[in-house]
Number of protein chains: 2
Amino acid sequence: MARAPRQADIAAAAGVSQTTVSLILSGNTDGVRLSEGTRQRVLDAAEELGYVPDPVATRLASSRNHMLGVYTFASAFPTDVDGFYYPILVGIEEEAAALGQDLVLFTGTGGGQGRAHDKTAIRRTRVADGCLFFGRHVPEEPIDWLLGGGFPLVYIGRRDELDGRIPFVGVDYVAASAAVVERLVALGHRELRYLREDDDAPSSSDREKGVLAAARKARLAVRRIVVRATPAEVGTGLIARWRAEGVTAVVVEETDTGELSAALLAAVEAAGLRTPADLSVAVLGQPKDRPEVSGFEVPRRELGRRAVRLLVDQITASGPRTAQQIFLDCVPVAGSTIGPPG
Amino acid sequence: MARAPRQADIAAAAGVSQTTVSLILSGNTDGVRLSEGTRQRVLDAAEELGYVPDPVATRLASSRNHMLGVYTFASAFPTDVDGFYYPILVGIEEEAAALGQDLVLFTGTGGGQGRAHDKTAIRRTRVADGCLFFGRHVPEEPIDWLLGGGFPLVYIGRRDELDGRIPFVGVDYVAASAAVVERLVALGHRELRYLREDDDAPSSSDREKGVLAAARKARLAVRRIVVRATPAEVGTGLIARWRAEGVTAVVVEETDTGELSAALLAAVEAAGLRTPADLSVAVLGQPKDRPEVSGFEVPRRELGRRAVRLLVDQITASGPRTAQQIFLDCVPVAGSTIGPPG
DNA sequence: CTGAAAGCGCTTACAG
DNA sequence: CTGAAAGCGCTTACAG
């Protein structure tokens with residue numbers, strides 16, 4: 001195959017030095033004056049030869065290649081929870097395109113022999129100018145290593161590992177969850193439950209925090225509010241017990257799989273209850289294809305866009321960067337599954 | 001922060017040359033013998049200093065960067081037809097991971113001022129070792145340019161532009177469509193229609209070819225079989241006319257948007273007809289979330305996987321490459337919307 | 001068995 | 001206004 005043209009080839013064609021080609025093509029004309037004729041000759045030759053800068057060489061020499069990494073700890077295109085991550089990716093692509101950045105998807109996690117493999121794969125992200133990360137956990141060592149080396153990175157989702165030094169764009173689940181409980185309280189509910197999965201991701205504990213804060217503020221009995229369960233454990237038995245306890249409203253978390261909220265809604269139906277007449281149900285998030293369910297909408301697309309912007313900010317920032325942590329607000333969804341206690 | 005250690009630092013610490021360090025660390029010991037003592041000293045020093053190879057430099061020096069480009073003419077993460085492209089991307093990612101390749105998503109098309117922009121953006125794909133393309137059209141000039149330069153590329157979907165020199169992985173719509181018609185004929189249908197969009201993409205004309213071939217072979221009257229229509233034109237009026245003409249079965253193409261098949265199924269229902277009792281309906285493809293519809297399944301995930309494999313083959317092939325064109329078979333979906341003519 | 005040297009394709013001082 | 005040179009951190013012939 002014919003080799004890709006280099007700056008040297010353009011230089012030969014235009015009768016100038018390779019340095020001049022570099023200066024002209026990179027637009028790096030600070031304090032440098034070049035004759036318009038030379039400029040045009042070089043640009044024409046570049047066009048003629050179909051020149052495309054080699055990003056690897058560019059990067060080695062200057063440390064900018066207009067590529068943003070996207071590191072997902074599982075799969076960038078998950079087959080099970082596609083509905084959840086997809087909008088984030090859409091946002092990332094939109095904003096990257098708008099800012100003239102290409103995206104590098106690191107697939108390294110596929111081979112997967114655990115931690116050791118992660119380490120190598122994560123370090124590979126350095127081929128890009130910076131990298132977006134998402135996943136439920138933070139592999140502290142390699143991330144610390146990247147951070148220590150001044151490598152720009154942004155997490156999607158709140159993270160408090162590494163002494164809060166990880167920049168991220170997260171969702172304000174605390175406020176959104178509290179707002180849902182406040183609405184229920186305003187409707188007159190006094191006995192409610194918060195159903196969550198038994199997994200301590202920040203998004204889960206933030207929701208719990210919001211729920212409890214709002215409950216305390218309304219002086220509700222808080223002791224029995226939080227109920228941890230797997231989707232399999234959610235059935236008519238649980239519903240019956242709650243009814244016996246005088247529960248009039250249930251709030252359930254929505255995770256990436258959406259299984260818990262689906263299980264609850266199914267159990268309520270199986271128990272022959274109507275919402276909100278017999279029981280108010282709100283989801284902390286928005287279940288797929290169920291716009292009638294009360295809760296809130298996570299701004300996923302915006303999450304992707306903001307993460308890209310924060311990352312590019314970091315890359316182009318000149319001074320020492322301070323960890324930036326951004327929270328986005330959720331949009332309340334009125335829905336029709338909550339109402340005054342029956 | 002202290003600069004990340006380089007091979008030179010290890011060399012200094014171990015009292016050897018940088019070359020030796022490179023040889024030992026890269027395990028590149030073909031025909032080279034190193035004393036075990038030196039080896040151990042170098043490895044210890046590397047460990048001690050926390051050495052990690054710089055991926056950028058490694059790639060510059062070894063001229064392969066293990067990155068595959070993915071060029072979509074619209075958006076890699078489309079917001080409207082996500083269900084269609086997503087499985088292809090899943091397949092691409094899976095196979096890329098299996099082969100140790102990262103993916104570069106070229107987002108350049110977002111800025112979009114038509115052809116000129118395409119050209120630049122497409123040329124940029126050369127930053128990767130090779131590139132996958134998909135989209136309904138082929139921008140001949142830049143693709144020809146890439147091909148001429150020996151740049152490895154693979155299209156997803158059959159292409160016959162550029163004198164058939166474009167390597168691709170396509171779907172055998174001809175055979176799959178013919179098989180559907182053969183099934184209908186075997187059931188006893190003699191008067192059928194093929195409903196297609198008014199757009200001449202290869203995937204549409206291939207379907208038509210298969211339908212007509214099977215119809216001719218069964219000696220059906222072929223003149224009125226093909227009906228071109230937009231989704232908006234498909235309503236109860238059309239159904240009524242077909243009924244009046246004695247039509248007992250309708251075959252409809254499934255495109256990326258799925259609008260045409262959805263419109264037909266809706267019209268049939270609106271006309272108060274049952275399938276297959278009153279009318280047999282088959283879709284050439286598989287409508288989303290309607291597993292009961294008869295037709296065939298396009299192996300989209302496999303399409304992605306095979307495209308990646310073909311691309312990597314091209315990249316690693318040493319001799320002159322010949323254009324490779326691969327067709328994948330569809331999987332018939334029995335479904336329950338076709339039966340003997342009522 | 002190991003080192004000096006050239007080169008991957010760029011950028012960036014530094015000289016003219 | 002433009003060029004020669006060094007350097008980014010590696011790999012890979014080529015000498016000893």
Side-chain angles (χ1 to χ4, degrees), chain A residues 1-43 45-46 49-67 123-124 126-127 129 149-151, chain B residues 2-43 45-46 49-67 124 126-129:
Chain A
M1 135 190 187
R3 249 205 325 74
R6 297 162 292 164
Q7 289 186 347
D9 300 324
I10 299 175
V16 298
S17 78
Q18 182 254 325
T19 304
T20 303
V21 173
S22 172
L23 288 174
I24 290 173
L25 294 181
S26 66
N28 221 338
T29 24
D30 302 352
V32 188
R33 288 152 306 183
L34 298 169
S35 73
E36 189 50 35
T38 310
R39 217 180 100 76
Q40 220 24 267
R41 273 211 318 289
V42 167
L43 291 178
L49 294 171
Y51 173 76
V52 178
D54 181 325
V56 179
T58 307
R59 172 69 192 202
L60 183 58
S62 77
S63 34
R64 280 278 155 67
N65 58 16
H66 301 286
M67 297 203 273
R123 292 178 169 192
R124 205 149 35 99
R126 292 188 34 168
V127 303
D129 290 341
F151 183 73
Chain B
R3 247 209 320 78
R6 298 163 291 166
Q7 290 186 348
D9 300 325
I10 299 175
V16 297
S17 77
Q18 182 253 325
T19 303
T20 304
V21 173
S22 171
L23 288 173
I24 290 172
L25 294 181
S26 67
N28 221 337
T29 25
D30 302 353
V32 188
R33 289 152 305 183
L34 297 170
S35 74
E36 189 51 35
T38 310
R39 217 181 100 77
Q40 220 25 266
R41 273 211 319 287
V42 168
L43 291 178
L49 294 171
Y51 172 76
V52 177
D54 182 325
V56 178
T58 306
R59 285 168 189 193
L60 213 218
S62 62
S63 85
R64 280 268 164 74
N65 61 14
H66 300 286
M67 296 202 273
R124 208 149 33 99
R126 296 193 50 155
V127 308
D129 291 342

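Note on naming: letters A, B, ... go to the chains in the order of the sequence lines (proteins, then strands), and numbering restarts at 1 for each one.
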Nearest-0.5 Å distance, CD of residue A/Gln7 to CG of residue A/Leu23: 9.0 Å

Side-chain N or O of B/Ser22 closer than 4.0 Å to phosphate OP1/OP2 of D/dC10: no

Whole-Å gap separating P (C/dT12) and CZ (A/Arg59): 13 Å

Nucleotide-level pairing of DNA chain C, given in dot-bracket where Watson-Crick and G-U pairs need both distances under 3.5 Å and | marks other strands: |||.||||||||.|||

Nearest-angstrom distance from the residue atom CE of A/Met67 to P of C/dC10: 13 Å

Distance, nearest 0.5 Å, that separates CE of A/Met67 from OG1 of A/Thr58: 8.5 Å

Can you name the atoms? Protein N/O to nucleotides 3-7 of chain C N/O, anything below 3.5 Å, with the distance.
unit_1, atom_1, unit_2, atom_2, d
C/dG3, OP2, B/Ser17, N, 2.9
C/dG3, OP2, B/Ser17, OG, 3.3
C/dG3, OP2, B/Thr20, OG1, 2.8
C/dA4, N7, B/Thr19, OG1, 3.4
C/dA4, N6, B/Thr19, OG1, 2.8
C/dA5, N6, B/Thr19, OG1, 3.2

Closest to side chain of B/Ser62, choosing from C/dG9, D/dC10, D/dT11: D/dT11

Length of the CG-C1' vector between B/Leu60 and D/dG9, whole Å: 9 Å

Sequence-distant partners of A/Thr19, side-chain hydrogen bond (donor to acceptor under 3.5 Å, both in side chains), two or more places apart: none

Euclidean distance, atom CZ of residue B/Arg6 to atom C1' of D/dC8 [Å, nearest integer]: 9 Å

Length of the line joining A/His66:NE2 and C/dC10:P, which is rounded to integer Å: 14 Å

Nearest-angstrom distance, P atom, D/dC1 to C/dT12: 22 Å

Whole angstrom value for the distance that separates C1' of C/dC8 from CG of A/Asp9: 14 Å

Residues which pass salt bridge (Lys or Arg N to Asp or Glu O under 4.0 Å) with A/Arg6, listed by chain and number, not counting sequence neighbours: A/Asp9

Interatomic distance, A/Gln40 CD vs D/dC1 C1' [rounded to whole Å]: 17 Å

Side chain to side chain, A/Leu43 and A/Ile24, heavy atoms closer than 4.5 Å: yes

Nearest-Å distance for atom pair CD/P, residues B/Gln7 and D/dG9: 11 Å

Which nucleotide in D/dG9, C/dT11, C/dC10 has an atom nearest any side-chain atom of A/Asp54: C/dC10

Sequence-distant partners of B/Asp54, side chain to side chain contact (heavy atoms under 4.5 Å, CB included), two or more places apart: A/Arg126, B/Val56, B/Ala57

Expected output: side-chain A/Thr20 to main-chain A/Val16 donor-acceptor under 3.5 Å: no

Minimum side-chain heavy-atom gap A/Tyr51-A/Leu25 below 4.5 Å: yes

A/His66 side chain near A/Arg59 side chain, heavy-atom distance below 4.5 Å: no

